[in-house]
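Take a look at the structure below.
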Amino acid sequence: MASPWKLSGMQRQVLALYRCFLRAARLKNLEDRQRIVSVVSAEFHHNANNVDRKNFQYIEYLLRRGKKQLEQLKNSTTISLSTINLNSSASKTITEDKKHASTYH
């Protein structure tokens, strides 16, 4: 079904990145998959509602950051994805790596 309006190139990139995250989540176990989908969905919705659509530099930055995080998620040693709030105006997404998981316990 075609969209009633045409998407810009940047909008297509954002949607493609979102779909790639969902595909990458399918490669993880069910519990991690649900957490990943929840974090990714929340992050994309947060940015959609809080980032000015004309702030192209910041959107490009978010796309680059998202692509790096996607590559980390695709790594077979990555076991989950989570979000932490650093302060009231910013959040940071981090990944946990199996190699480092034992050092946290």
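Residues take their numbers from the sequence shown, with the count starting at 1. Quick caveat, the model's predicted, so the values are computed rather than measured.
Considering only heavy atoms from C-beta on, K28 comes within 4.5 Å of L73 through its side chain. Side chains of L27 and K74 form no contact here, defined as non-hydrogen atoms less than 4.5 Å apart. Contact annotation: the side chain of M10 approaches that of E60 to within less than 4.5 Å [non-hydrogen atoms, C-beta and beyond].
Expressed to the nearest 0.5 Å, how far CD1 of I59 lies from CD of Q11 amounts to 8.5 Å. Between the CG atom in L15 and the CG atom in L7 there is a gap of 6.0 Å [rounded to 0.5 Å]. Atom SG of residue C20 and atom CD of residue E71 lie 9.0 Å apart, to the nearest 0.5 angstrom. Atom NZ of K67 and atom CD of Q72 lie 15.0 Å apart (nearest 0.5 Å). To the nearest 0.5 Å, atom OH of residue Y18 and atom OG of residue S41 are 4.0 Å apart. Interatomic distance, CG of L22 versus CG of L17, reported as 10.0 Å (0.5 Å rounding).
With ring centers used as reference points, Y58 lies under 6.0 Å from Y61.
Note on E31 versus R35: salt bridge recorded, some NZ/NE/NH1/NH2 to OD/OE distance being below 4.0 Å. Comment: E43 engages R65 in a salt bridge, judged by a side-chain N to carboxylate O separation of less than 4.0 angstrom.
Note: the hydrophobic cluster containing I36 does not contain L30 (ILVMFWY, side chain heavy atoms under 4.5 Å, direct or indirect links).
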